[in-house]
Amino acid sequence: MNVFVTAFEKFRKIYRDYVQKNLLSVFKFRQRIVIREEFINLGLAVVIGIIGGICNLIYHLLEELLKGGFTKNIGEISEIAEHLPYWQRLTMPLIGGIAAALVLKIGLKDTDKNLPSGFLEAVVAGDGRLPFRASIARTFSSLVSISSGCSIGREGSIVNFAASVASKLGQLFDFQPYKLRFLTACGAAAGLSAAFNAPLSGAVFAAHIVIGNFSMSLFAPIILASVFAAMTSRSFFGIEPLYTVPTFEFTRIGQLPWLVLVGIGSGFIGAVFMKGMELSERYFKKTIQNDLLRMAFGGLLVGFIAVYYPQVWGNGYGPTNGILGERFTVQLLLGLFAAKILATIISVGSGAVGGVMTPSLFIGAAYGSFCGLGLHALGFAEQLPVCVFALSGMAGVFAATTHSPLLAMLMAFEISLNYSLMPALMLTCPLATLVSRQLHHNSVYTKPLYDKGIIVKESKKLGAARIRTVADIMRQPVKPITQDTPFQAIVERFLSSANNFLPVVDSENRLLGVVSLQDVKEYLNRNEKIDGIIAYDIMQPVNYLIAQQNLMEAFPVLIKSDIRNIPVVNDGKEMKLIGSVLRSEALGIISEEIAAGG
């Protein structure tokens, strides 16, 4: 042991001697070392992406386990329902509704009702903190509902699950609110990317719907999170498309006008679908106050529908593929269209936890397919296969409910891996969005925020950062030095840290100025005696921020300063150092607010 200690001491002495002899060269090298925040964010995004893929795997495994417990079968839930006796189709959603309500009752007991209930609220109106216990309770309740036949999508819960894990990770490391919002958005991107095996859609969803802008400082990490989530998920589930659509080449302008009908109709259906969910929620809450009874009654109603249309169970993945494969008659198609809308409206209204993305794809596919079959029966558009109308309807209703045609186009492409139909999607999605916005001003995402009093104007971007003061993005201060710190101690501090400026304080922690690495290097260049030199002798005035200062008021200081971590003081009189603000991050946030507001 003594041999190792002696060797370490010798190495330490050699290192010190080298530094002393080559101090100027060491400082020049040290000056080049700058750890950029953007690279740290990229690393965090990779971690969140992998976590999102794992969350998707966990959700699927638990769903299969619960599905087996409820139905004693494995496979696609709607296909299982078709082979069950009618009494099981009737009672299973009822039992599932009771179980899901109990999970929520136990999981949400003694939790703060004022905390955000979803990732979007946490980013748009909160500080990025998602209550982890409540999020897990909602995720498990969603699992119970879907596994027992509730007509709801799994993707909403997977996204919220991944976002809550990302938020919890940030809370464990005591990240500031702006960083928590960023991590939560990356988690949402990762969750959607993994759920649909759609990395482009996941990235656009987080940037457009959640954050509200495509600035590269945020979009680049979000892309990484989506990519790593998709690749992690593909490691377990492969890369096969979720929906199979035959290839069709658009070669003439005359092929497109028929899809105008699909776009306009999809917009109308999407608006009616959202309005139906609103009315259903109001009716259930008004007539049945007890959560358990409300979800049980909702499950029973879905069970009644499933007796005649078992395909309404679950998110609709199996039946949607059947529609795309033209395996249903016109009569059955119309029945499924109406039944799925009604079952989903009832499920959402009764309080079942989940998403409506995949149900909207089912509804859109049924409508689009009906349009294609109807036109063919009348002798029109016979050169266009029915699957073109079906996929266009899927994307159209999706665009109508999200008010995001770009997301809908990308989603339809990625879940089918069929780029040949992009002209149809590019016509249908904008039309559907325009019609839907005229009839229903809020999207499926903004409506819950509107109901809570968080007024969101979509023209100003949903996820625009709502940071008001310097304190909102303040972090721990760079460890200061006192005004009487010797020159040699200052040199050692610079060599042992990544900061190029050190704040100087007095005995009462009041900010006096800063010492820069460049100033220290200049003293060494002069070959002057450094004995007796202290921090006070070489410090310079500093541009500082005040904690309660509005970010826009701080903008001139941010522009003028060349310090990476700008000091923050409690007020302009006491001048006590309480934190620091990363200049690049603050400027990025301001530019995002300007972009979102314009």
Side-chain angles (χ1 to χ4, degrees), residues 77-79 81-82 86 89-90 92-93 145-146 149-153 261-284 297-350 352 354-377 386 389-401 432 435-436 439-440 444:
I77 188 72
S78 62
E79 293 176 1
E82 291 181 52
Y86 79 91
R89 296 182 200 170
L90 176 66
M92 202 65 70
S145 294
I146 292 171
C150 180
S151 179
I152 206 80
L261 176 66
V262 179
I264 294 172
S266 295
F268 177 77
I269 291 166
V272 171
F273 182 46
M274 289 188 286
K275 189 63 178 177
M277 288 190 286
E278 288 174 33
L279 295 175
S280 177
E281 283 186 78
R282 265 187 243 159
Y283 174 78
F284 273 100
F297 184 59
L300 182 62
L301 291 178
V302 171
F304 272 121
I305 297 170
V307 169
Y308 300 98
Y309 295 101
Q311 295 89 347
V312 301
W313 271 28
N315 59 13
Y317 162 71
T320 303
N321 261 319
I323 293 170
L324 291 168
E326 302 180 37
R327 294 198 291 267
F328 297 129
T329 63
V330 174
Q331 292 81 0
L332 181 56
L333 203 59
L334 281 175
L336 288 176
F337 171 73
K340 189 62 178 180
I341 290 178
L342 188 59
T344 306
I345 285 173
I346 291 170
S347 297
V348 172
S350 64
V356 294
M357 282 188 180
T358 33
S360 71
L361 294 175
F362 181 126
I363 294 163
Y367 166 70
S369 183
F370 176 74
C371 284
L373 291 171
L375 286 170
H376 286 181
V386 173
F389 290 95
L391 187 68
S392 299
M394 289 170 68
V397 174
F398 187 91
T401 54
V435 172
S436 178
L439 300 174
H440 197 276
V444 72

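The structure displayed is predicted, hence computed values, not measured ones.
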Paired with S151, the side-chain contact (heavy atoms from CB on, under 4.5 Å) test is passed by just one of P93, S145, S347, namely S347
Could you go step by step and tell me if V397 and L361 meet the side-chain contact (heavy atoms from CB on, under 4.5 Å) rule? CA-CA 7 Å; V397 174; L361 294 175; over 6 Å; no
Can you see which heavy atom on C371 is nearest to which on V262, and at what distance? CB-CG2, 4.3 Å
When you look at L336 and F362, which way does the side-chain contact (heavy atoms from CB on, under 4.5 Å) test go after all the steps? CA-CA 9 Å; L336 288 176; F362 181 126; 4.2 Å; yes
If I compare all heavy atoms of A271 with all of L439, which pair ends up nearest, and what's the gap? CB-CB, 3.7 Å
Residues A390 and I323: closest non-hydrogen pair is CB-CG2, 4.5 Å
Do R282 side-chain atoms and G349 backbone N/O form a donor-acceptor pair below 3.5 Å? no
Once rounded to the nearest 0.5 Å, what's the spacing between atom OG of S436 and atom CD1 of I269? 11.0 Å
For F273, is the CZ atom crowded, meaning more than 12 foreign heavy atoms sit under 6.0 Å from it? yes
If you compare all heavy atoms of V312 against all heavy atoms of A343, which two are closest, and at what distance to 0.1 Å? CB-CB, 4.0 Å
Taking all atoms of both residues into account, what is the closest heavy-atom pair of G149 and V302, and its distance? O-CG1, 3.8 Å
Would you say the side chain of V356 lies within less than 4.5 Å of the side chain of T344, judging by non-hydrogen atoms? yes
If you look at every heavy atom in S350 and F284, which pair is closest and at what distance? N-CD1, 3.8 Å
For a 4.5 angstrom cut-off between non-hydrogen side-chain atoms, does I341 reach V272? no
side-chain contact (heavy atoms from CB on, under 4.5 Å) between T358 and Y317, worked out: CA-CA 7 Å; T358 33; Y317 162 71; 6.0 Å; no
Candidate pair M394 and L324, rule side-chain contact (heavy atoms from CB on, under 4.5 Å), full reasoning: CA-CA 10 Å; M394 289 170 68; L324 291 168; 4.0 Å; yes
Take atom CZ in F268; do more than 12 heavy atoms of anything else shown fall under 6.0 Å from it? no
Relative to each other, are the rings of Y367 and F337 parallel, tilted or perpendicular (30° and 60° limits)? tilted
To the nearest 0.5 Å, tell me how far F398 CZ sits from S266 OG. 13.0 Å
